[in-house]
Amino acid sequence: MSVPKRATDVPSWNGILPPSMKLPFIDTPDSVTYNAMKLAELTPDPRMREILVGLVRHMHDFTRETSITTDEWLKGIKFMAAFANQRQPPHIEYMLLLDVFGVSTLVDTINNPPVKNATASDVIGPFFMPDAPDKENKDTIVDDTNGIGKAEYLYFEGRILTTDGQPIPNVSVEVWEVDEEGLYDLQYESRDAPNGRGRFRSRADGTFEFRGVVPSAYPIPLSPPLESLMNAWNRHNMRAAHVHFWVKAPGFRELITQLYPDNNEWVTTDGVFGGKRSLVINLKRVDDKSESEKRGIPGARRSTMLSSTSCC
Ligand code: BEZ
Ligand code: FE
């Protein structure tokens, strides 16, 4: 039987999968790939076709290049099954899996290429929650009624500007960060209200400000299957310290990003390949009690003020 040059040359093709006999028998590894590619090429939707053709090609190339054994193939299936059985919502597990391979950051970077004078984007991560409370400028995002433990106060001053430097008023700036234990509120089973989150609005001159804690580096939560992968890979699972931002203004592109204080131990080996150079910001230590009090920082604790200008 002659091999069709293109899948659509299969004579019986009329939008229904062609009868299997119209494809060559599977005699060799290459004929498996050939037939799988042919079927991928018949995908009706053009974008879906592009994705499936690429996926089949890369999966087959990967399998061939690494000479995957039957045992390894089975291990891979068990690995994916272990993921699906995790107690956390599976999409978090799968997101983390793509994160540690750098795929999430790659998707983000491809889809949000650098724009001159604009703050770079970064991944949203699995800890965003849509229930951040609306806050007034200067409010705190952390519940510090019982102190902030080993953390230090952070005072953040930001400004939203167009890429040609004009202030943008009334921009929604949503922020979220870990607490003094390096945990998001979502990681506490007892969470009954948001903590470490807030939604602010820029003033007429584009400024906004809030109080929180200086973020600490924290380990990405690892389920047993992901932990076994990271161990086999001999990789740490630390995220460099950061604060998350989601900036939204009508008529402008949204910006989802993270800012990383300097002196950040993990910033270049971040577990999810975050930490772009342009997102590293300078923290200025402020030891003056009156300056702290002006910013609503309780008691005589040392405050740390962080200043940054962001554009969107
Ligand atoms: C985060 O920044 O919250 C995050 C991002 C990716 C994986 C885990 C956490
Ligand atoms: Fe985070």
Side-chain angles (χ1 to χ4, degrees), residues 83 86-112 119-132 141-142 148 151-152 154 156 158 173-188 191 194-199 210 212-231 233 235-247 254-281 283 306 308 310:
F83 259 80
Q86 284 314 300
R87 197 173 52 87
Q88 296 191 50
H91 75 272
I92 288 190
E93 288 308 307
Y94 289 118
M95 186 194 276
L96 291 175
L97 181 62
L98 294 173
D99 289 346
V100 301
F101 276 92
V103 174
S104 307
T105 298
L106 184 59
V107 169
D108 178 64
T109 310
I110 290 170
N111 282 274
N112 298 287
T119 303
S121 72
D122 205 340
V123 291
I124 188 168
F127 296 116
F128 169 76
M129 273 292 279
D131 66 351
I141 59 167
V142 292
I148 54 167
E152 284 185 292
L154 167 80
F156 187 96
V173 182
E174 198 158 340
V175 296
W176 66 104
E177 65 163 345
V178 288
D179 66 6
E180 70 278 9
E181 301 297 332
L183 291 169
Y184 287 95
D185 56 354
L186 282 184
Q187 293 174 282
Y188 291 92
R191 180 192 202 260
N195 188 28
R197 300 170 191 274
R199 191 179 306 102
F210 64 89
V213 293
V214 174
S216 54
Y218 63 85
I220 302 164
L222 296 182
S223 57
L226 195 52
E227 186 171 12
S228 68
L229 174 72
M230 297 297 266
N231 287 341
W233 204 336
R235 269 182 62 183
H236 73 71
N237 61 325
M238 293 302 290
R239 284 243 49 215
H242 58 272
V243 181
H244 292 267
F245 293 80
W246 191 338
V247 182
E254 290 185 6
L255 171 71
I256 297 177
T257 195
Q258 303 177 33
L259 294 177
Y260 299 79
D262 53 0
N263 292 327
N264 202 326
E265 190 184 347
W266 309 95
V267 81
T268 54
T269 64
D270 184 89
V272 305
F273 306 93
K276 296 184 174 105
R277 188 196 297 265
S278 67
L279 297 178
V280 175
I281 48 167
L283 282 188
L306 182 154
S308 162
S310 306

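By convention here, the first residue in the shown sequence is residue 1. Both ligands and their constituent atoms are indexed starting at 1 by order of listing.
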Item to check | Passing candidate, side-chain hydrogen bond (donor to acceptor under 3.5 Å, both in side chains) with Q258, options R239, K276, E177 | outcome: R239
Checklist entry - Do the charged groups of R191 and D131 touch, with an N to O distance under 4.0 Å? => result yes
Checklist entry - Parallel under 30°, tilted from 30 to 60°, perpendicular over 60°: which one fits the rings of W176 and H244? => result parallel
Checklist entry - How are the rings of F156 and F210 set relative to one another: parallel (under 30°), tilted (30 to 60°) or perpendicular (over 60°)? => result parallel
Checklist entry - In terms of ring plane angle, is the pair Y218 and H242 parallel, tilted or perpendicular, where the classes change at 30° and 60°? => result tilted
Checklist entry - Please state the angle at the Fe ion (ligand 2) spanned by OH of Y184 and NE2 of H244: what is it, rounded to 10 degrees? => result 90°
As a test of reading the model: which N/O atoms of the protein lie under 3.5 Å from N/O atoms of ligand 1, and at what distance?
unit_1	atom_1	unit_2	atom_2	d
ligand 1	2 (O)	Y218	OH	2.9
ligand 1	2 (O)	R239	NH1	2.6
ligand 1	2 (O)	H242	NE2	3.0
ligand 1	2 (O)	H244	NE2	2.9
ligand 1	3 (O)	Y184	OH	3.3
ligand 1	3 (O)	Y218	OH	2.8
ligand 1	3 (O)	H244	NE2	3.1

Checklist entry - So, Y260 and D270: side-chain donor and acceptor under 3.5 Å apart, yes or no? => result no
